[in-house]
Amino acid sequence: MVAPATARLLAAYAIGLADDLLVSTLLATRAPVVLCPAMHTEMWEQPAVQSNLATLRGRGVHVVGPDAGYLAGGDTGPGRLAEPGEIVTACASVLALRGGGDLAGLRVLVTAGGGTREPLDAVRFLGNRSSGKQGHAVAAEAAARGADVTLITTADLESPVRVQRIDVDTAAEMEQVLAERSDGADVVVMAAAVADFRPREAAPTKLRKADGVPEVVLEPTPDLLAALAARRPPGQTLVGFAAEHGDPRPGAVEKLRRKGVDLVVGNDVSAPEAGFGHDTNTVVIVGSDGMQLNVGPVDKRVVARAVLDAVVDHRSRR
Ligand code: CTP
């Protein structure tokens with residue numbers, strides 16, 4: 001990936017001029033190449049530049065951007081380097097397109113969410129502080145490793161590349177989508193913080209202050225993961241999460257047994273560098289085969305990698 005790719009770089013690469021280390025590297029590799037052009041608008045619009053880019057595109061080089069916006073000289077227009085997130089997404093997509101990852105051929109279903117939202121009235125809901133970042137990272141990592149991924153989410157986060165996304169709000173909606181989709185999955189990862197209780201009745205309109213403080217009666221939601229475990233097809237791997245206060249190991253081991261699943265990823269949501277809302281996490285992964293692994297504090301994407309490694313390992317030892 002070359003970011004920024006200048007007009008000179010495009011020209012040298014297009015004619016195969018190996019006069020510096022960068023172009024020599026590009027000419028010497030068989031790896032896919034992503035170029036992110038950045039230059040002033042007048043340069044970007046030059047037929048010479050566009051022609052070099054067309055030549056490179058024709059040879060299979062991937063091009064991201066440029067965007068239109070503020071340029072280094074204080075002027076504005078097309079030629080601004082694409083945003084880092086856009087570049088990373090494009091690179092992940094190029095790598096995924098190459099296929100052949102260790103999860104190729106596996107259908108992976110992931111639930112994620114900023115917690116389910118259980119309606120109280122027409123405008124209010126009961127929720128929780130889970131951000132959905134860890135579940136989205138698991139979906140992104142599984143797709144990058146070649147899996148066919150469906151993500152059921154309540155979070156307002158970007159969709160990972162090559163992932164089929166289904167948005168839901170409530171535990172009941174998540175239950176419905178799981179009922180439709182889970183039978184065909186080889187692996188189900190329940191990273192969503194599903195509500196344990198919901199209002200028994202949701203008022204059809206907004207509750208008014210003038211009508212006094214409402215008395216809200218709660219009822220339990222169904223345990224979706226335990227239900228999946230009870231009717232799982234042969235060969236399906238089930239992964240649960242356990243949000244704990246303090247050492248997550250005992251709770252993770254207890255949930256592993258109680259819910260009848262293969263792996264549980266426990267985290268201490270009270271730890272400063274882990275858990276809800278953070279980009280990093282510290283977890284313990286426990287397996288029904290006795291495996292216990294501490295991971296972190298690391299980026300949630302690295303946790304996702306460790307979780308999927310544990311899934312691969314667990315499946316290989318069945
Ligand atoms: N879960 C679920 N359905 C629920 C609640 C939780 O499927 N109604 C799943 C979560 O997605 C997670 C796992 O169960 O994978 C553990 O969730 P957690 O909230 O930590 O545990 P609970 O079962 O709610 O137990 P407790 O309230 O005792 O912590």
Side-chain angles (χ1 to χ4, degrees), residues 108-119 125-139 142 150-155 166-183 185 187-200 218-232 236-271 274-277 281-288 295 300 303-304 306-308 310-311 314:
V108 177
L109 185 60
V110 182
T111 67
T116 56
R117 300 179 194 129
E118 309 299 333
F125 59 81
L126 291 185
N128 63 62
R129 293 188 191 281
S130 163
S131 66
K133 286 179 183 171
Q134 186 62 72
H136 276 240
V138 170
T150 303
L151 171 64
I152 308 171
T153 183
T154 69
I166 302 169
D167 287 288
V168 296
D169 256 349
T170 63
E173 285 171 22
M174 192 170 276
E175 183 181 27
Q176 169 82 33
V177 180
L178 280 171
E180 290 159 11
R181 304 276 176 148
S182 64
D183 280 358
V187 180
V188 182
V189 181
M190 280 290 298
V194 186
D196 290 327
F197 314 103
R198 64 188 165 207
R200 179 170 291 162
L218 301 178
E219 65 176 11
T221 55
D223 189 319
L224 309 185
L225 186 55
L228 287 177
R231 61 176 170 83
R232 77 161 110 184
Q236 185 178 71
T237 307
L238 284 179
V239 184
F241 274 66
E244 305 293 325
H245 265 258
D247 180 6
R249 190 176 308 247
V253 171
E254 186 271 324
K255 279 172 192 168
L256 184 78
R257 296 214 185 92
R258 172 159 55 89
K259 305 208 178 204
V261 299
D262 302 296
L263 295 160
V264 168
V265 184
N267 67 331
D268 175 5
V269 288
S270 65
F276 289 177
N281 209 352
T282 305
V283 304
V284 58
I285 305 174
V286 298
S288 55
V295 183
K300 285 185 171 169
V303 172
V307 171
L308 292 170
V311 167
H314 193 273

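Ligands are counted one by one from 1 in listed order, and the atoms in each one are counted from 1 as well. We use all heavy atoms of the structure for the numbers below, so side chains are in, but hydrogens, waters and symmetry mates are not. Numbering of residues begins at 1 and proceeds along the displayed sequence.
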Tell me the protein heavy atom at minimum distance from [atom], and give that distance in Å.
{"atom": "atom 1 (N) of ligand 1", "result": "Lys259 NZ, 3.8 Å"}
{"atom": "atom 11 (O) of ligand 1", "result": "Ala192 O, 2.7 Å"}
{"atom": "atom 16 (C) of ligand 1", "result": "Phe241 O, 2.7 Å"}
{"atom": "atom 3 (N) of ligand 1", "result": "Leu224 N, 3.0 Å"}
{"atom": "atom 28 (O) of ligand 1", "result": "Arg258 NH2, 3.8 Å"}

*Flag if over 12 foreign heavy atoms under 6.0 Å of CZ, Arg258*: yes
With a cut-off of 4.0 Å, which atoms of ligand 1 are near a heavy atom of [X]?
{"X": "Ala242", "answer": "20 (O)"}
{"X": "Pro222", "answer": "3 (N), 4 (C), 8 (N)"}
{"X": "Gly240", "answer": "15 (O)"}
{"X": "Thr221", "answer": "8 (N)"}
{"X": "Asp223", "answer": "2 (C), 3 (N), 4 (C), 7 (O), 8 (N), 23 (O)"}

Please round to the nearest 0.5 Å and tell me the distance separating atom [atom1] of [X] and atom [atom2] of [Y].
{"X": "Leu224", "Y": "Ile152", "atom1": "CG", "atom2": "CD1", "result": "9.5 Å"}
{"X": "Asp196", "Y": "Asn128", "atom1": "CG", "atom2": "CG", "result": "9.0 Å"}
{"X": "Asp268", "Y": "His245", "atom1": "CG", "atom2": "NE2", "result": "7.5 Å"}
{"X": "Lys259", "Y": "Leu228", "atom1": "NZ", "atom2": "CG", "result": "10.5 Å"}

Should the proximity of [X] to ligand 1, defined as any heavy atom under 4.0 Å, be assigned to the side chain, the backbone, both, or neither?
{"X": "Glu254", "value": "neither"}
{"X": "Asp196", "value": "side chain"}
{"X": "Ala195", "value": "backbone"}

*Do Gln236 side-chain atoms and Ser182 backbone N/O form a donor-acceptor pair below 3.5 Å?*
yes
*Considering only heavy atoms, which of Leu225, Leu238, Val194 lies nearest to atom 4 (C) of ligand 1?*
Val194
*Any idea which of Lys255, Glu244, Met190 brings a heavy atom closest to atom 29 (O) of ligand 1?*
Lys255
Taking the side chain as C-beta and beyond, is there a heavy-atom pair between [X] and [Y] under 4.5 Å?
{"X": "Leu126", "Y": "Arg198", "result": "no"}
{"X": "Val265", "Y": "Asn281", "result": "no"}
{"X": "Glu244", "Y": "Glu254", "result": "no"}

*Ala171 near ligand 1, heavy-atom distance under 4.0 Å?*
no
Name each donor-acceptor pair under 3.5 Å that joins a side chain in residues 171-180 to protein atoms two or more places apart or in another chain, with its distance.
residue, atom, partner, partner atom, Å
Glu173, OE1, Asp169, N, 2.8
Gln176, NE2, Glu180, OE2, 2.9

